[in-house]
Amino acid sequence: MHMLTKAPKGTRDILPDEIYKWYFVEEKFRQICHQFGYHEIRIPVFEHTELFQRGVGETTDIVQKEMYTFDDKGGRSITLRPEGTAGVVRSYIENGMASWPQPVKLFYDIAVYRYENVQKGRYREFHQFGVELFGAADPSADVEVISMLHLFFNRLGIKSLALNLNSIGCPTCRAAYNERLKAYLRPKLERLCSTCKDRYERNPMRIIDCKEESCRSELVDAPALLDYICEDCSRHFEKVKEKLSAMGIVYSIDKGIVRGLDYYTRTVFEFVSDTIGSQGTVCGGGRYDGLIEACGGKPTPGIGFGLGIERLLLQMDSQGIVIPQPDPPDVFIGVIGDRAEQFSESLALKLRTAGITCHKDIMGRSVKAQMKYANKLNARFAVILGDSEVESGKVELKNMVTGEGRDIHIDTLMDRLLKSRQGAV
RNA sequence: GUGGGUGUAGCUCAGUUGGUUAGAGCGCCAGAUUGUGGCUCUGGAGGCCAUGGGUUCGAAUCCCAUCAUUCACCCCA
């Protein structure tokens with residue numbers, strides 16, 4: 001197939017026969033956000049490249065090799081957003097949200113862009129729900145965010161996502177840990193892979209995450225960050241766990257969660273599926289108490305998550321969750337002849353004005369073809385308008401499910417259609 | 001960036017040891033006597049057999065390359 005008629009790698013069309021699923025989860029997400037006090041923010045698709053370099057982190061894969069970056073005609077370096085947090089943080093600072101009533105709770109529903117090789121559940125353009133909560137340092141904030149996700153998944157009927165939890169400490173205890181880790185690794189340094197040698201200086205913590213067999217074997221008794229976090233961080237984490245348990249939210253500790261973004265602090269978490277392929281992380285999030293300051297704002301605690309919509313839908317599909325399909329059209333108006341054509345156009349407008357979903361023939365087809373079309377549309381009723389109907393004012397209102405027809409006066413059509421929605425035909 | 005699988009109609013797929021004009025089902029359009037859908041029947045449209053080379057008298061079929069797609073590694077949502 002030619003390039004001209006082929007969507008770029010990693011992108012896809014969401015067609016009408018699928019879009020109702022998107023509407024459904026989007027609506028559920030909006031609902032729950034409003035219930036938890038979040039307001040929607042819409043941010044640009046692109047930002048200055050420096051924002052992501054700073055806000056996501058220079059050592060991350062996202063910044064090092066996955067960004068869609070280009071120079072605009074004014075010579076500025078621009079990048080398509082690879083995630084939502086950085087843009088929202090920028091907006092928080094730019095719009096002086098520090099002087100809004102605290103905490104500031106925002107949510108978004110966006111497309112994001114990463115140059116990666118595609119596979120199941122991974123695309124170059126994909127979609128995320130996300131929230132960002134600014135100004136609340138207390139463990140209550142962590143727990144509220146997680147409980148919101150818990151409720152969201154429950155409402156969608158999703159049962160089998162595992163919640164994994166970790167704490168990656170604060171800059172202070174992490175620095176101490178990094179020294180400890182480096183001391184552990186120093187004699188083994190030569191046997192680590194090349195990326196890990198690089199990480200050793202820049203971000204040793206991420207070596208823990210390396211999947212290379214050679215590195216893994218060197219790491220078997222490496223110190224785990226969670227065992228070395230400072231007293232404050234530890235107390236914070238204990239509170240989070242305690243509160244989750246009190247709310248009956250089941251979790252497990254995964255000391256391996258490091259998060260790909262540099263500015264995460266303390267609580268990090270994931271909701272993971274084992275039924276949607278090897279890319280099972282449906283939602284990932286955590287606390288980023290250093291990020292706002294790093295981006296030029298006043299020191300402000302923050303916490304949030306990103307939730308992959310494609311993966312969410314994959315998960316629902318893998319569980320056999322049926323999303324309700326949109327209501328079929330109320331009525332199809334078939335037309336024969338010029339006089340009826342005029343009449344039917346006015347009638348259709350009148351019905352539509354009253355909120356009735358009404359389709360009519362605009363192809364000039366035979367009655368038979370029009371009825372076939374009405375059937376494909378799944379219309380609940382059909383009427384045919386010809387000269388005799390226009391003259392007499394009587395039409396046959398045909399129930400397309402039962403096949404029964406009944407003669408009615410055209411002036412009562414609207415009323416009957418409205419009533420039929422309540423089950424009375 | 002690295003591996004494996006797959007490329008034939010809008011979709012799902014047949015296509016024999018290489019042998020005339022490449023098929024089916026679904027979908028689309030039209031018809032089966034007057035102005036009525038679903039079931040059935042008939043007909044029609046729709047293919048550079050991914051692309052480019054090669055082998056051969058002859059290639060959808062065999063070989064090579066490229067591209068696309070898909071799964072996986074890595075990483076992440």
Side-chain angles (χ1 to χ4, degrees), chain A residues 1-3 5-12 15 17 56 59-66 81-85 110-130 149 161 193-196 206 209-213 215 257-261 268-273 276-286 304-315 332-337 340 361 363 365-389 395-405:
Chain A
M1 205 176 286
H2 200 271
M3 253 172 87
T5 56
K6 181 84 191 77
K9 186 195 275 282
T11 68
R12 63 186 201 122
L15 299 177
D17 66 351
V56 177
T59 65
T60 61
D61 276 20
I62 291 177
V63 169
Q64 283 180 355
K65 49 189 198 194
E66 294 173 1
R81 62 190 175 206
E83 52 100 51
T85 304
I110 60 175
V112 296
Y113 302 86
R114 293 184 198 172
Y115 190 86
E116 289 193 274
N117 264 349
V118 299
Q119 69 188 80
K120 184 168 184 175
R122 189 160 73 184
Y123 310 94
R124 289 182 174 181
E125 178 187 63
F126 64 100
H127 299 80
Q128 288 188 334
F129 295 139
L149 285 161
L161 290 182
C193 72
S194 56
T195 36
C196 282
R206 298 195 67 223
D209 221 17
C210 188
K211 303 296 189 298
E212 285 290 327
E213 199 45 55
C215 294
I257 304 179
V258 173
R259 297 271 95 219
L261 295 78
V268 291
F269 60 87
E270 298 179 336
F271 284 84
V272 184
S273 164
I276 62 171
S278 72
Q279 304 305 318
T281 306
V282 173
C283 176
F305 64 78
L307 191 161
I309 304 178
E310 284 84 355
R311 290 184 187 175
L312 178 71
L313 291 171
L314 274 178
Q315 173 63 24
F332 177 86
I333 303 176
V335 186
I336 310 154
D361 177 67
M363 300 272 287
R365 288 198 274 210
S366 70
V367 172
K368 192 188 192 74
Q370 292 187 49
M371 288 302 288
K372 282 190 178 188
Y373 182 60
N375 191 55
K376 281 169 206 159
L377 292 175
N378 235 320
R380 299 166 57 231
F381 292 94
V383 296
I384 301 287
L385 291 179
D387 285 346
S388 60
E389 284 81 3
V395 294
E396 183 192 348
L397 177 61
K398 181 162 185 173
N399 183 321
M400 293 294 282
V401 179
T402 63
E404 286 162 9

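Just so it is clear: chains get the letters A, B, ... in the order the sequence lines come, proteins before strands, and each one is counted from 1. FYI, side chains are in, hydrogens and waters are out, and symmetry mates aren't considered; it's all heavy atoms of this structure.
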side-chain contact (heavy atoms from CB on, under 4.5 Å) with Val118(A): which residues, sequence neighbours excluded?
Lys9(A), Arg124(A)
Spell out protein contact along nucleotides 29-41 of chain B as letters: B when the base is contacted, S when just the sugar-phosphate is, - when no protein heavy atom is under 4.0 Å; keep the 5' to 3' order.
SS----BBBB---
Who passes side-chain contact (heavy atoms from CB on, under 4.5 Å) against Val272(A), sequence neighbours left out?
Asn164(A), Glu270(A), Thr281(A)
What one should report as the nearest heavy-atom pair of Val282(A) and Ser273(A) is CG2-CB, 4.2 Å
Integer angstrom distance from the C1' of U16(B) to that of G54(B)
25 Å
Taking the same atom, P, in U70(B) and in C13(B), what whole-Å distance lies between them?
14 Å
Taking NZ from Lys6(A) and C1' from U66(B), how many angstroms apart are they, rounded to a whole number?
17 Å
Can you check the distance between U40(B) and A22(B), where both ends of the measurement are the C1' atom (answer in whole Å)?
29 Å
Under 3.5 Å for both distances, Watson-Crick or G-U wobble, that's the pair rule; now give the dot-bracket for RNA chain B, with | marking pairs to another strand and [ ] for crossing ones.
(((((((..((((.....[...)))).(((((.......))))).....(((((..]....))))))))))))....
From NZ of Lys120(A) over to C1' of G5(B), roughly how many Å is that when rounded to an integer?
15 Å
Gap in Å between the two C1' atoms, one belonging to G44(B) and one to G27(B), rounded
14 Å
Side chains of residues 368-379 of chain A: which donor-acceptor pairs under 3.5 Å do they make with residues two or more places apart or in other chains?
unit_1	atom_1	unit_2	atom_2	d
Gln370(A)	OE1	Val335(A)	N	2.8
Gln370(A)	NE2	Val335(A)	O	2.8
Gln370(A)	NE2	Arg365(A)	O	2.8

Looking at residues at least two apart in the chain, or sitting in another chain, which of them share a ring-ring contact (aromatic ring centres under 6.0 Å, His included) with Phe129(A)?
Phe29(A)
Calculate the interatomic distance between Gln119(A) atom CD and C75(B) atom C1'; express it in whole Å.
9 Å
In whole angstrom, give the distance that lies between atom OH of Tyr123(A) and atom C1' of U69(B).
13 Å
Are side-chain heavy atoms of Glu389(A) and Val383(A) found at a separation under 4.5 Å?
no
Near-strand residues of residues 305-313 of chain A, defined as heavy-atom separation under 4.0 angstrom from RNA chain B:
Gly306(A), Arg311(A)
Can you check the distance between A59(B) and G18(B), where both ends of the measurement are the P atom (answer in whole Å)?
13 Å
The side chain of Ser278(A) is closest to which nucleotide in this list: A72(B), U70(B), U69(B)?
A72(B)
I'd like the C1' distance from G23(B) over to G46(B), given in whole Å.
14 Å
When you compare the side chain of Arg12(A) with that of Glu310(A), does any pair of heavy atoms fall below 4.5 Å?
yes
For nucleotides G5(B) and A45(B), find the distance between their C1' atoms and express it as a whole number of Å.
34 Å
For C73(B), does either OP1 or OP2 sit under 4.0 Å from a side-chain N or O belonging to Gln279(A)?
yes
If you find the nucleotide of RNA chain B closest to Ile276(A) and the one closest to Pro8(A), which residue's nucleotide is nearer the 5' end?
Pro8(A)
The side-chain contact (heavy atoms from CB on, under 4.5 Å) partners of Ser278(A) (sequence neighbours excluded) come to Gln119(A)
Taking any heavy-atom pair under 4.0 Å as a contact, classify Gly334(A): base, sugar-phosphate, or nothing.
nothing
Val112(A) vs Phe126(A) side-chain heavy atoms within contact, under 4.5 Å:
yes
Set of residues satisfying side-chain hydrogen bond (donor to acceptor under 3.5 Å, both in side chains) with respect to Glu125(A), sequence neighbours excluded
Tyr113(A)
Between Leu161(A) and Gln315(A) the two heavy atoms that sit nearest each other are CD2-CD, 4.0 Å
Given RNA chain B, 5'-ward residue of the pair Ala7(A) and Gly284(A), judged by closest heavy atom:
Ala7(A)
Listed pairs, N/O of protein and of nucleotides 1-4 of chain B, under 3.5 Å:
unit_1	atom_1	unit_2	atom_2	d
G1(B)	N7	Asn117(A)	ND2	3.4
G1(B)	O6	Asn117(A)	ND2	3.0
U2(B)	O4	Asn117(A)	ND2	2.7

Any donor-acceptor N/O pair under 3.5 Å between C75(B) base and Gln64(A) side chain
no
Please report the distance separating the C1' of G19(B) from the corresponding atom of A60(B), rounded so that it comes out in whole Å.
13 Å
For Phe271(A), ring-ring contact (aromatic ring centres under 6.0 Å, His included) partners two or more places apart:
Phe153(A)
Which residues pass the side-chain contact (heavy atoms from CB on, under 4.5 Å) test with Glu66(A), sequence neighbours left out?
Asp61(A), Ile62(A), Arg114(A), Glu116(A)
